Amino acid sequence: MKTVVGNWKMKVGTRESVALARGVIMALRGKKILPEVIICPPFVAFSEVRKVVARSRVQMGAQDVFWEEEGSFTGEISPRMMSELGVTHALIGHSERRSLLNETDEMVNKKIREAKDEGLIPILCVGENQEQRAAGKDFDIVAAQLHQGLTGIRFRPKDQLYVAYEPIWAIGTGEAAHPADAVEMHSFIRKHLKEILKNNPSVKILYGGSVDGENVYSFLREPEVDGVLVGGASVKLAQFGQIINSAIEAMEGEK
Ligand code: PGA
């Protein structure tokens, strides 16, 4: 099963989110094989989007969550609040939050712990920047992000964890990673997670960074790539429809 996550970022308001969610459901209609589709609207749109996706196979993810259950944390949203709205997944540690809001690995770690405790499936985002890549440090950086993001968190065999490998230089730039490089990093991440996570929880590894309708199949046809995390192209219905179709094609190839 391939996974397609749409990260709508701060690109759409409630009205557009509702229209997009309807479009996603239309794009899945009549399909025999369905990929796992998770849409991440902005927080303000969840109550309305929820009505649209209710009784469909489309799931909802938060773009971020806070690390406490409740309390005096002005402006923050807890995993519990999200799960009350029917949200199943949460992006954690997206590079835009790490760089613009100084989110640290320690904060990421606390967020993953709380999200998981509330029954949300964390989608831990990792990836190196251009400088780190040029210096040949990409694997070390990703290993450190995995380590620090997941340290001390106990997973059980039935738990799920998603990791999104998003090289920062590829996000929103139109310059996606080479699929072979993504595959190499995915298999590194998979091996590394085997070492650091006990109990063998189920793990999915997604690629993100300038994925669009044109290049998506070159990632999804790789067995190492369990899915894609899509930003810009996920708020364009025609593109997102193509991405869903490519996921279906890749799943047909898996059989
Ligand atoms: P992009 O964003 O697809 O626009 O590159 C991906 C992301 O930030 O998750």
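Quick caveat, the model's predicted, so the values are computed rather than measured. We count ligands from 1, going down the list as the structure has it; atoms in each ligand are counted the same way.
Both tests hold for Lys116 against Phe155: distance to the six-membered ring centre under 6.0 Å, angle to the ring axis within 45°.
Scanning for side-chain hydrogen bond (donor to acceptor under 3.5 Å, both in side chains) contacts around Lys2 gives an empty result, with sequence neighbours left out.
Ionic pairing of Asp159 and Arg156 is present here: one or more N-O contacts between side-chain nitrogen and carboxylate oxygen are shorter than 4.0 angstrom.
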Can you produce the list of protein nitrogen or oxygen atoms under 3.5 Å from a nitrogen or oxygen of ligand 1, alongside each distance?
| residue | atom | partner | partner atom | Å |
| --- | --- | --- | --- | --- |
| ligand 1 | 2 (O) | Lys9 | NZ | 3.3 |
| ligand 1 | 3 (O) | Gly231 | N | 2.8 |
| ligand 1 | 4 (O) | Gly232 | N | 2.8 |
| ligand 1 | 5 (O) | Gly172 | N | 2.6 |
| ligand 1 | 5 (O) | Ser210 | N | 2.7 |
| ligand 1 | 8 (O) | Lys9 | NZ | 2.7 |
| ligand 1 | 8 (O) | His94 | NE2 | 2.7 |
| ligand 1 | 9 (O) | His94 | NE2 | 3.2 |
| ligand 1 | 9 (O) | Glu166 | OE1 | 3.3 |
| ligand 1 | 9 (O) | Glu166 | OE2 | 2.6 |

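Using modelled atom types, one finds a donor on one side chain and an acceptor on the other under 3.5 Å when comparing Glu36 with Gln59. A donor and an acceptor atom, one from each side chain of Glu128 and Tyr165, are located under 3.5 Å apart.
Side-chain atoms of Ser210 come within 3.5 Å of backbone atoms of Ala170 as a donor-acceptor pair (strictly under, hydrogens ignored).
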